[in-house]
2 protein chains.
Amino acid sequence: MYDADMSLPHALLGLLIVRPRSGYELTKEFESHIGRHAWAAGHTSIYPELNRMAENGLVEVTHEGARGSRTYAATEAGRAELRRWMFDRDRSRKVRNEEVLRMFLISALDPDDAVAYLRGIAEESAEKAAELAKLLAATGPIVQGDPEKFGLLAAEYGRRQYEAVHGWAEWAITQITGQAAEESRSSRATAS
Amino acid sequence: MYDADMSLPHALLGLLIVRPRSGYELTKEFESHIGRHAWAAGHTSIYPELNRMAENGLVEVTHEGARGSRTYAATEAGRAELRRWMFDRDRSRKVRNEEVLRMFLISALDPDDAVAYLRGIAEESAEKAAELAKLLAATGPIVQGDPEKFGLLAAEYGRRQYEAVHGWAEWAITQITGQAAEESRSSRATAS
DNA sequence: GGTTGACGTGTCAATATCCACATGTTGGAA
DNA sequence: TTCCAACATGTGGATATTGACACGTCAACC
C-alpha cells in the first residue's frame with residue numbers, strides 16, 4: 001500500500017505515536033529538532049500529507065479545537081506501518097544534507113580557505129554540543145514508560161554528533177596546517 | 001545568477017575542481033561516498049545539470065573521448081561560485097536523511113523493538129567505522145598539495161561519525177534496558 | 001476599539017527529482 | 001563471432017517539494 005521509502009508520512013506517524021498533535025504542532029516540530037537534523041518539511045507538505053494519511057487509515061482526527069485545528073493520532077494500522085518501515089531491510093537510505101556536502105567539498109577549497117572554513121565548523125559544533133549538553137543536564141535521565149523523555153535519545157544523538165564533528169574539524173586543521181605546525185614545534189624545541 | 005542553495009550543481013562543481021571528470025565518473029562518485037553520506041543524485045539529474053552549468057559558464061568540456069564521453073572541468077567562474085556558496089552565511093541547510101530520521105523515531109517503538117533496532121545500529125556502525133579505519137590506514141597521511149589525498153578528510157569524517165553513532169547506540173541501549181539491568185543486578189546481589 | 005502577532009489550515013504554480021525507457025559503443029570472454 | 005557487461009549519455013512522465021499567496025481566528029496590549 002505505502003511505498004517502502006516514503007519518509008514524510010513515516011516521520012509524521014512517528015511523532016503522532018509518541019503523542020497526538022495537530023498539523024500546526026507537527027509543523028513546529030519540523031522547524032526545530034527533526035527538521036534541522038533528520039528531515040525537513042514545511043506546512044505545505046504536512047497538511048496535505050495528513051489528509052492523505054487519514055484517508056488511508058494511518059491516522060485519525062481525535063479532536064477538533066479552536067480555529068479549526070484538528071488533532072491527529074496514529075491508528076493501529078499506522079503503528080504497524082511505522083514498525084514495518086523501521087525494520088524494513090532493503091531501505092533506500094536517501095541522503096540529502098547540505099551541511100555534510102559542504103564538508104565533502106572542503107577539498108575543493110584552497111588550503112587557507114579550507115582552514116578558515118574548518119575553524120568555523122569547529123566553533124559552531126562546539127557551541128551546539130554545549131547547548132545540547134545543557135539541555136540534557138536540565139532534564140533527568142530517561143525513564144521507562146515516559147515517552148516524552150524518550151525524545152532525549154535524539155538530543156544525546158545530536159550532542160555526540162556535534163562533538164564528533166568538533167573533533168574532526170580540529171583534527172582536519174592540524175592535518176592541513178601540519179607542515180606549519182611541524183615547523184613551529186621544531187623551532188620551539190630549538191628555542192628551549 | 002545561481003540561487004544561493006542549489007546543492008547539486010555545487011556538488012558537481014566541487015568534484016570537478018578537485019579533478020576534471022566525465023558525467024559517467026561523476027555518477028559513479030555519487031553512487032559511493034558523496035551519494036551515501038552527503039547528497040544523492042542519479043545520472044538523470046547529473047547529465048542535464050552539467051549541460052546547464054556549461055551553458056552558464058561554470059564548467060567547460062575539456063576533452064571528448066570514446067563512446068561520446070565528455071570530460072568537464074570547472075571554470076574560473078565555477079571556482080568563484082563554489083567559494084561563494086561555501087562561505088554563504090545565510091545558507092539554508094536542507095536536511096533529508098532517512099537513516100537519522102529512523103533514529104529520531106526510535107522513541108515511537110516499544111522498548112523491546114527499540115533495543116533490537118539499536119543493536120542493529122550498533123553493529124552496523126561498528127562495521128562501517130572499521131571499514132573506513134582500514135581504508136585510512138592503507139593510505140598515508142594527507143600531504144599538502146595533493147588534492148586526491150585531500151579527499152581523505154571525508155573518510156575520516158565518516159569514520160568519526162560512525163564511531164559516534166556506535167557509542168550512542170550502546171549508551172541508548174543501557175538507558176532503555178536500565179531498569180531491567182538494575183533489577184537483575186539487585187536480584188544477583190540478593191542471591192549471593 | 002483597533003492593531004498586532006501567534007495560531008491554524010489551505011491552494012497553486014514552479015521547480016527538483018525519480019523511475020522507466022531508449023540508444024549506441026567498446027573490450028573481453030566463451 | 002557472438003554475446004555480455006561496463007561504458008556513456010540521453011528523454012519524458014510521474015511524483016515530491018518549495019515558495020508565494022490566501023484566508024480566517026483568537027488573545028493581548030494599547
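Being a predicted model, the structure only gives us computed values, none of them experimental. Numbered from 1 within each chain, the chains take letters A, B, ... in sequence-line order.
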message = Please tell me if S22(B) has a side-chain N or O lying less than 4.0 Å from either OP1 or OP2 of dC7(D).
response = no
ask   = Between H43(B) and R96(B), who's closer to the 5' end of DNA chain D by nearest nucleotide?
value = H43(B)
Y24(A) side chain near dC7(C) phosphate (N/O to OP1/OP2, under 4.0 Å) = yes
Interatomic distance, E98(B) CD vs dC18(C) P [rounded to whole Å] = 11 Å
key: Under-4.0 Å side-chain N/O to phosphate OP1/OP2 contact, Y47(B) with dT9(D)   = yes
ask   = Which value, rounded to the nearest 0.5 Å, describes the distance between L58(A) atom CG and L12(A) atom CG?
value = 10.5 Å
ask   = Between R67(A) and dG5(C), is there a side-chain N or O to OP1/OP2 distance below 4.0 Å?
value = no
query = Donor-acceptor pair under 3.5 Å: do we get one between S69(B)'s side chain and the base of dC7(D)?
reply = no
query = In whole Å, what is the span from the CD atom of E25(B) to the P atom of dA6(D)?
reply = 17 Å
task = Round to the nearest Å and state the distance from K94(A) atom NZ to dA16(D) atom C1'.
result = 9 Å
inquiry  = Tell me whether the NZ or CZ atom of R96(B) lies within the 45° cone about the ring axis of W39(B) and under 6.0 Å from its centre.
reply    = no
key: Position toward the 5' end of DNA chain D (nearest nucleotide), A66(A) or T71(B)   = T71(B)
query = Can you name the residues that form a salt bridge (Lys or Arg N to Asp or Glu O under 4.0 Å) with E25(A), not counting sequence neighbours?
reply = R19(A)
request  = Send over the distance from R52(A) CZ to dG10(C) P, rounded to a whole Å.
outcome  = 15 Å
task = Starting from P on dA8(D), measure out to NE2 on H63(B) and report it in whole angstrom.
result = 10 Å
ask   = Is any side-chain nitrogen or oxygen of R70(A) closer than 4.0 Å to OP1 or OP2 of dC7(C)?
value = no
message = Using whole Å, what does the distance between atom C1' of nucleotide dG8(C) and atom CD of E31(A) come to?
response = 13 Å
ask   = OP1 or OP2 of dT9(C) less than 4.0 angstrom from a side-chain nitrogen or oxygen of N51(A), does that happen here?
value = no
request  = Check the side chains of E98(A) and S7(B) for a donor-acceptor pair under 3.5 angstrom, ignoring hydrogens and angles.
outcome  = yes
query = Taking the six-membered ring for Trp, are the ring centroids of H33(A) and Y157(A) within less than 6.0 Å of each other?
reply = no
query = Between I46(A) (CD1) and dC7(C) (P), how many Å, whole number?
reply = 15 Å
ask   = Hey, does the side chain of K28(B) come within less than 4.0 Å of dC7(D)'s phosphate (OP1/OP2), counting only N and O?
value = yes
task = To the nearest Å, give me how far apart CG (L50(B)) and C1' (dA8(D)) are.
result = 12 Å
